[in-house]
Novice: 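Quick one: the structure is below, questions incoming.
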Amino acid sequence: MSITKSFLFGLLALTGFIHAQEVILLDEVVITDNKLELPRAKKTKRVIRLGSKELQAYTGQSVATLINNLSGIEITGSRSVIGQNMNIAARGGNNRQVLILIDGVPINDPSLPNNEFDLRLLNLNDIESVEVVKGPSSVVYGSGAATAVIQINTKKTAHTSSLSLTGSLGSQGTPNDSKGVDQWNNTLSYRTPQSYIELGQTRSAGMSALVNTTEEDIYERKSIGLGTELKVNKTVLETSARFTEMNAGFDNTYPLEDANFESLAKQLTLNIRSKTTFSPAQSLILASRYNRSNREIRSSYPVTYRAEAYNLDAYYTHYGSENFNYLLGLYLHRQQTNFDQLAESTSLEPYLNSNLTVIDRLSLNTGVRFINHSNYGNDWVFSLGSSYNTEFLGLTSKLFVEFGSAFIAPSLSQLFGPFGPNPELLPETNRTTSVGIELVKNKQTEYTLNLYSRNETNRMIYALIDADTYTYQYQNTNEQFKTKGLELFIRQALTDRLNTILNYTFTELDKEVLRLPKHKLNVQLNSLLDEKSSLGLNYHFVSSRLDTDFSTFENQTLDAYGLVDLSYTRTLSEKASISLRLSNLMNTEFIEIIGFATQGRNLSLGYQVSF
């Protein structure tokens, strides 16, 4: 650990940090934060974006590993054996407070306890870009968009027809294991200007999920995706379908011991999206998704679930002038799953979002959303924010402030599921206040500081209601849950060929929460070796945090840890490239979850070739 700490201090002396993120200039248009196509200068949320070039350095890694390196996101389980269950946290929240979008539409699994989406079903080879928006976004995206929204944009058609192979192979092992070629991942795709089809397969072995055990827990995933794009008059129509099958081995957790358990999942998604442009100032977007998932847990307590969800998002955008722009939308979400009996819910949600330029350089963002839910009745959320642009020390600067609310609807599992259901649950509510400043000069220079305070009520907990029978039930707690924090991002070019990126997150909670660090730091030094190759050196620091030892049911403080990664990418030709990634370079031993194994030094080789 002392070597790693010394390395960190050396990097900080150079002012460096995390894997290359794309800088969005203040005059560039962004959409993800509120669906209005307006310059970043008029927005009150920062969008973190990683494009295809940045993703190349992560070839062979999981989607969770990628997202875990972004500012303010902590995914517990992403450093364990591939296939491990994971929890996503942002701004002191949890899984149900982070919303996943795929191509602009929310996606979830109604059978899961927190109504979340299983990131293990995604293949990084199929992804074009990833965007992260912090803060409440329920006004435009609905339930779950409380602490963050993660937008995943998949690869679609191409400008010219091509056949391509994207893949990787490498090792997977703990700091004390010998390494071999334990994992591989390949995607074969054919793309034209009008359609595409892609086939993917992933397999990993080499590690057990638990410490001090030897049986390999194997993870396998297969997928097929296809889609079309068609333009008819003023309408662009996109259709796509994807089927994914996953099998993840896991061990017994109580007691902690080797077991031949399996988690199986099958998911089918069907998507239709259209955009009709009536004029340069007016357009109508329709986006719908049908999602069906089958899950089976083969363990000492076997269960099988079948769930379906349907989303329809229709919104009209109007850019009447440079001073006032708005959108009107209607969102329909219907979901069902089979527990002892069929459980279902329907939500209908009209919403409005607008941007007003009050005076030159000063913008006002407002929004409201009404929710009519079949299980808990009516609710509403709002957002109010303002941004002011000026010049400061030769940099284009933006001051912004935002106050907004969000809601998290109870899941079908919490309402009607097999473990502690409570049909009387109310939605969680969040209110967040944030203030910040952004300083941007060019694609190589950005400084951003964001302070926030979040207040959570009606928090849903799994509570012991009868000690004699050891009975638990989901309940709303009367206590408020408060968190506040700081998010810092710095990108600075040191020379024409050397740049550094830093993001730091401070999170302070008023109550103990397991596995959430108070401090998290990512640092990257990125060097362009020549016109075709680059080298990246990354440092990831996670401070001490609490976890429960379920052999004694006592909380323990886990030691802080720091990891160093090294990556190299090279373009061989216009149609071929390779990448190398050495994770946990110092082979550091650390604990992410008590009793569970973590990955040591591992090497992976990534490749992309087109024909």
Side-chain angles (χ1 to χ4, degrees), residues 62-65 75-78 80-88 95 100 102 107-126 172 182-187 198-210 213 215-225 241-254 256-270 289-309 335-340 342-343 411-413 416-419 593 596-597:
S62 69
V63 174
T65 299
I75 302 184
T76 305
S78 64
S80 303
V81 63
I82 296 175
Q84 171 70 38
N85 283 329
M86 292 174 286
N87 180 76
I88 309 176
N95 263 8
I100 304 295
I102 296 183
I107 188 167
N108 67 295
D109 185 340
S111 68
L112 291 174
N114 288 312
N115 205 34
E116 69 266 39
F117 174 72
D118 193 342
L119 288 175
R120 296 176 298 175
L121 293 170
L122 293 176
N123 187 343
L124 191 60
N125 294 345
D126 304 332
Q172 179 184 227
D182 302 308
Q183 59 170 312
W184 53 267
N185 178 14
N186 287 296
T187 297
E198 52 194 17
L199 304 170
Q201 188 168 11
T202 301
R203 188 182 191 276
S204 66
M207 273 183 67
S208 173
L210 302 178
T213 57
E215 180 195 32
E216 295 184 352
D217 287 303
I218 297 173
Y219 168 79
E220 295 179 316
R221 181 185 60 225
K222 300 175 183 178
S223 64
I224 178 172
R242 183 175 296 277
F243 177 76
T244 304
E245 185 175 13
M246 180 194 75
N247 186 342
F250 66 99
D251 292 323
N252 197 13
T253 56
Y254 187 74
L256 292 171
E257 61 183 9
D258 258 337
N260 191 26
F261 294 163
E262 292 178 304
S263 173
L264 296 89
K266 296 180 180 180
Q267 183 190 66
L268 171 68
T269 60
L270 304 174
R289 169 176 292 128
Y290 170 76
N291 174 39
R292 186 181 71 197
S293 56
N294 296 311
R295 291 197 303 119
E296 180 182 359
I297 305 298
R298 297 177 180 174
S299 67
S300 301
Y301 302 94
V303 292
T304 302
Y305 300 114
R306 184 178 186 272
E308 295 181 351
Q335 58 182 355
Q336 66 180 43
T337 190
N338 63 316
F339 297 117
D340 292 335
L342 184 67
S411 70
L412 292 178
S413 179
F416 310 111
F419 304 106
I593 305 169
F596 285 76

Novice: Nearest 0.5 Å, please: how far is CD1 in I107 from CD1 in I102?
Specialist: 4.0 Å
Novice: How far does CD of E220 sit from CD of E245, to the nearest 0.5 angstrom?
Specialist: 9.5 Å
Novice: With distance as the sole criterion, is a donor-acceptor pair present between the side chains of E262 and N247 under 3.5 Å?
Specialist: yes
Novice: Measuring from atom CG of L119 to atom CG of N85, what distance do you get when rounded to the nearest 0.5 angstrom?
Specialist: 11.0 Å
Novice: Is the shortest side-chain heavy-atom distance between R203 and W184 below 4.5 Å?
Specialist: yes
Novice: What's the verdict on side chain to side chain contact (heavy atoms under 4.5 Å, CB included) for T187 and L199, showing C-alpha distance, side-chain angles and the deciding distance?
Specialist: CA-CA 5 Å; T187 297; L199 304 170; over 6 Å; no
Novice: Give the minimum heavy-atom separation between F339 and S413, together with the two atoms involved.
Specialist: CZ-CA, 3.6 Å
Novice: Is the shortest heavy-atom distance from the side chain of N291 to the side chain of E308 under 4.5 Å?
Specialist: no
Novice: Would you please say whether a donor-acceptor pair under 3.5 Å links the side chains of Q335 and N108?
Specialist: yes
Novice: Is a side-chain N or O of T213 found less than 3.5 angstrom from the main chain of E215, in a donor-acceptor match?
Specialist: no
Novice: Between T269 and R242, does any side-chain donor sit less than 3.5 Å from a side-chain acceptor?
Specialist: no
Novice: Can you see which heavy atom on D258 is nearest to which on L210, and at what distance?
Specialist: N-CD1, 4.5 Å
Novice: Say whether, by atom type as modelled, one donor and one acceptor occur between the side chain of E116 and the main chain of N114 under 3.5 angstrom.
Specialist: yes
Novice: For A209 versus Q84, what's the shortest heavy-atom pair and its separation?
Specialist: CB-OE1, 4.4 Å
Novice: Taking the side chain as every heavy atom from C-beta outward, state whether L264 and R298 have any atom pair closer than 4.5 Å.
Specialist: yes
Novice: So, S293 and D109: side-chain donor and acceptor under 3.5 Å apart, yes or no?
Specialist: yes
Novice: Does any N or O in the side chain of Q172 come within less than 3.5 Å of the main-chain N or O of A205, such that one atom is a donor and the other an acceptor?
Specialist: yes
Novice: With a 3.5 Å cut-off and no angle check, do the side chains of N115 and S411 form a donor-acceptor pair?
Specialist: no
Novice: Taking atom types as modelled, is there a side-chain donor on Q201 or N186 under 3.5 Å from an acceptor on the other?
Specialist: no
Novice: How many angstroms lie between atom CD of Q267 and atom CE of M246, to the nearest 0.5 angstrom?
Specialist: 9.5 Å
Novice: Between Y219 and R221, do the side chains contain an N or O donor and an N or O acceptor separated by less than 3.5 Å?
Specialist: yes
Novice: Do N185 and N123 have a side chain donor and acceptor closer than 3.5 Å?
Specialist: yes
Novice: Looking at every heavy atom in both S111 and Y305, which two are closest together, and how far apart are they?
Specialist: CB-CB, 3.7 Å
Novice: Are P418 and D340 packed together at the side-chain level, in the sense that at least one heavy-atom pair is separated by less than 4.5 angstrom?
Specialist: no
Novice: When you compare the side chain of R295 with that of L112, does any pair of heavy atoms fall below 4.5 Å?
Specialist: yes
Novice: Within the 3.5 Å criterion, strictly below it, is a donor on S208 or D251 matched to an acceptor on the partner's side chain?
Specialist: yes
Novice: S263 versus F250: any side-chain heavy-atom pair under 4.5 Å?
Specialist: yes
Novice: Do the side chains of R292 and R306 get nearer than 4.5 Å, heavy atoms only?
Specialist: yes
Novice: Looking at every non-hydrogen atom in both residues, tell me the closest pair between G83 and A248 and how far apart they are.
Specialist: O-CB, 3.8 Å
Novice: Do Y254 and L256 come close enough that some side-chain heavy atom pair is under 4.5 Å?
Specialist: no
Novice: To the nearest 0.5 Å, how far apart are CG in N294 and OG1 in T337?
Specialist: 9.5 Å
Novice: From I100 CD1 over to D118 CG, what is the distance, rounded to the nearest 0.5 angstrom?
Specialist: 10.5 Å
Novice: Nearest heavy-atom pair of A343 and F416: which atoms, and what distance?
Specialist: CB-CD1, 3.6 Å
